[in-house]
Amino acid sequence: MKIYSWNVAGIRACEKKGLYDWYLEELAEVYCFQETKALPEQLNDQLVNPKSHSAIYAPAVKKGYSGVSTWVKSGIEHKHTIGLGIEEFDNEGRTIITEFDNFFLFNCYFPNGQRDHARVPYKMSYCKAIEEKAQELHQQFKKDIIITGDYNTAHHPIDLANPKTNTKSTGFLPLEREWMDHFEEIGYVDIFRHFTPEENGHYTWWTYRSNCRERNIGWRIDYFWTNKDMLKNIKGCSHHTDILGSDHCPISLELN
DNA sequence: TTACCCGCAAC
DNA sequence: CCATAAGTGC
DNA sequence: GTTGCGGGTAATCACTTATGG
């Protein structure tokens with residue numbers, strides 16, 4: 001089973017740049033998209049009813065802003081929950097939780113802290129809410145947990161090209177990084193880093209400015225995290241840096 | 001966000 | 001219909 | 001001298017909605 005996650009930075013624009021063709025080539029079991037920036041009624045039919053999948057959308061109340069969508073291949077038993085049951089987060093279309101036979105899949109768009117750090121507290125409370133929901137579902141249903149999406153945080157200096165000049169930028173603030181430390185301490189694993197330890201230059205986002213993607217000046221802010229016990233079922237995790245269409249690249253997780 | 005320039009300290 | 005401005009991203 | 005770091009400023013790309021004519 002293969003799961004993709006991709007921050008598309010506007011699913012309509014990304015469609016024009018080949019998202020649906022890429023989907024048809026892959027036809028993986030699951031796709032998690034973030035920053036769809038659209039209401040379902042604004043979309044072409046193929047994005048609402050993709051050929052081989054059922055798609056669910058969690059748009060933000062505010063038009064053209066945020067939003068996530070999860071696509072599951074026809075025939076795979078599953079059940080969706082939109083949002084966390086917390087209004088301030090659900091208003092912004094940040095979360096879809098999908099339950100499968102053996103695990104829960106969280107598709108998350110973690111908030112941006114904003115340049116002036118105004119939304120850092122909001123971001124931190126979203127982190128906490130996701131963490132609590134994951135623990136709750138894990139303990140209640142005894143199923144594994146996969147949390148993917150755009151975390152908007154680089155964990156360690158090797159996770160971004162310019163760690164020194166960004167210690168005061170949201171995405172690499174001590175507070176944001178500490179939450180990831182904590183998340184690790186309570187038993188969750190950053191899957192890409194697990195398979196590719198201590199190797200720098202692996203990013204999932206590059207600013208459009210200054211040809212940063214070509215020069216690989218980027219950040220690793222999109223992840224798959226799972227509970228530790230799930231590791232034995234995981235074959236690998238990849239970054240698909242050759243897939244264009246957004247300022248993020250798709251990432252994938254392969255399960256047994 | 002990165003790129004660039006400036007001043008200052010360290011060697 | 002096209003051009004432009006403004007908000008957001010980070 | 002030159003190297004390196006910190007601080008400050010300048011210039012930057014794209015998606016979306018709304019507005020104007």
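Letters go in sequence order (proteins before strands), and every chain restarts at 1.
Side-chain atoms of A/Glu35 never come within 3.5 Å of backbone atoms of A/Ala9 as a donor-acceptor pair (strictly under, hydrogens ignored).
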In a table with atom names and distances, give each donor-acceptor pair under 3.5 Å that connects a side chain of residues 41-55 of chain A to protein atoms at least two apart or in another chain.
residue : atom : partner : partner atom : Å
A/Gln42 : OE1  : A/Leu39 : N            : 2.7
A/Asn44 : ND2  : A/Glu15 : OE1          : 3.0
A/Asn44 : ND2  : A/Glu15 : OE2          : 3.1
A/Asp45 : OD1  : A/Asn49 : ND2          : 2.9
A/Gln46 : NE2  : A/Glu15 : OE2          : 2.6
A/His53 : ND1  : A/Tyr23 : OH           : 2.7
A/His53 : NE2  : A/Ala28 : O            : 2.6

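Out of B/dT2, D/dT17, D/dT16, the shortest distance to the side chain of A/Lys63 is found at D/dT17. Checked against D/dT16, D/dG7, B/dT1, the side chain of A/Lys168 finds its nearest nucleotide in D/dG7. Distance from the side chain of A/Tyr208 is smallest to D/dA14 among D/dC15, C/dC10, D/dA14.
C/dA5 and B/dC5: their P atoms are spaced 29 Å apart (whole Å). Between the C1' atoms of B/dT1 and C/dC10, the separation comes to 6 Å (whole Å).
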- Show your working on side-chain contact (heavy atoms from CB on, under 4.5 Å) between A/Cys127 and A/Phe183 and close with a plain yes or no. CA-CA 9 Å; A/Cys127 292; A/Phe183 196 43; over 6 Å; no

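Between A/Tyr65 and D/dC15 there is no side-chain N or O to OP1 or OP2 distance below 4.0 Å. Distances shown here put a side-chain N or O of A/Gln42 below 4.0 Å from the OP1 or OP2 atom of D/dT17. Proximity of A/Trp219 to the phosphate of B/dT2: a side-chain N or O atom is located under 4.0 Å from OP1 or OP2. A/Arg215 has a side-chain polar atom (N or O) that falls below the 4.0 Å cut-off from OP1 or OP2 of B/dA3.
In this structure, A/Lys62 places its NZ atom 18 Å from P of D/dC15, rounding to the nearest Å. To the nearest angstrom, P of D/dC5 lies 5 Å from NZ of A/Lys164. The separation between A/Leu160 atom CG and B/dT1 atom C1' is 12 Å, rounded to whole Å. Rounding to whole angstrom units, CZ of residue A/Arg213 and C1' of B/dT1 are separated by 16 Å. Atom-to-atom, CD1 of A/Ile217 to P of D/dC13 comes out at 14 Å; the value is rounded to the nearest Å. Look at CG on A/Asn166: it is 13 Å from P on C/dC10, rounded to the nearest Å. Between A/Asn162 atom CG and B/dT1 atom P the separation is 10 Å, expressed in whole Å. Atom P of nucleotide D/dC15 and atom CG of A/Leu19 are separated by 13 Å, given to the nearest angstrom.
Annotation: cation-pi geometry satisfied between A/Arg177 and A/Phe172 (NZ/CZ under 6.0 angstrom from ring centroid, within 45° of ring axis).
Counting non-hydrogen atoms under 4.0 angstrom, A/Lys16 reaches nothing in the nucleic acid. Counting any heavy atom pair closer than 4.0 Å across all strands shown, A/Asn211 reaches no nucleic acid atom.
For A/Lys232, the NZ atom sits in a packed shell: over 12 heavy atoms of surrounding residues, nucleotides or ligands are nearer than 6.0 Å.
For the pair A/Arg12 and A/Thr207, both in contact range of DNA chain D, the more 5′-proximal nearest nucleotide belongs to A/Thr207.
Evaluation of the side-chain hydrogen bond (donor to acceptor under 3.5 Å, both in side chains) test over residues 209-219 of chain A, restricted to residues two or more places apart or in two chains, returns A/Trp206-A/Asn216.
Looking at A/Tyr126 and A/Glu92, their side chains never bring a donor and an acceptor atom within 3.5 Å of each other. Between the side chains of A/His80 and A/Thr98, a donor-acceptor pair is found at a separation under 3.5 Å.
The base of B/dT2 lies outside donor-acceptor range of the side chain of A/Arg209, with no N or O pair under 3.5 Å.
The stretch residues 106-122 of chain A has no heavy atom under 4.0 Å from DNA chain D, so no residue of it qualifies as close.
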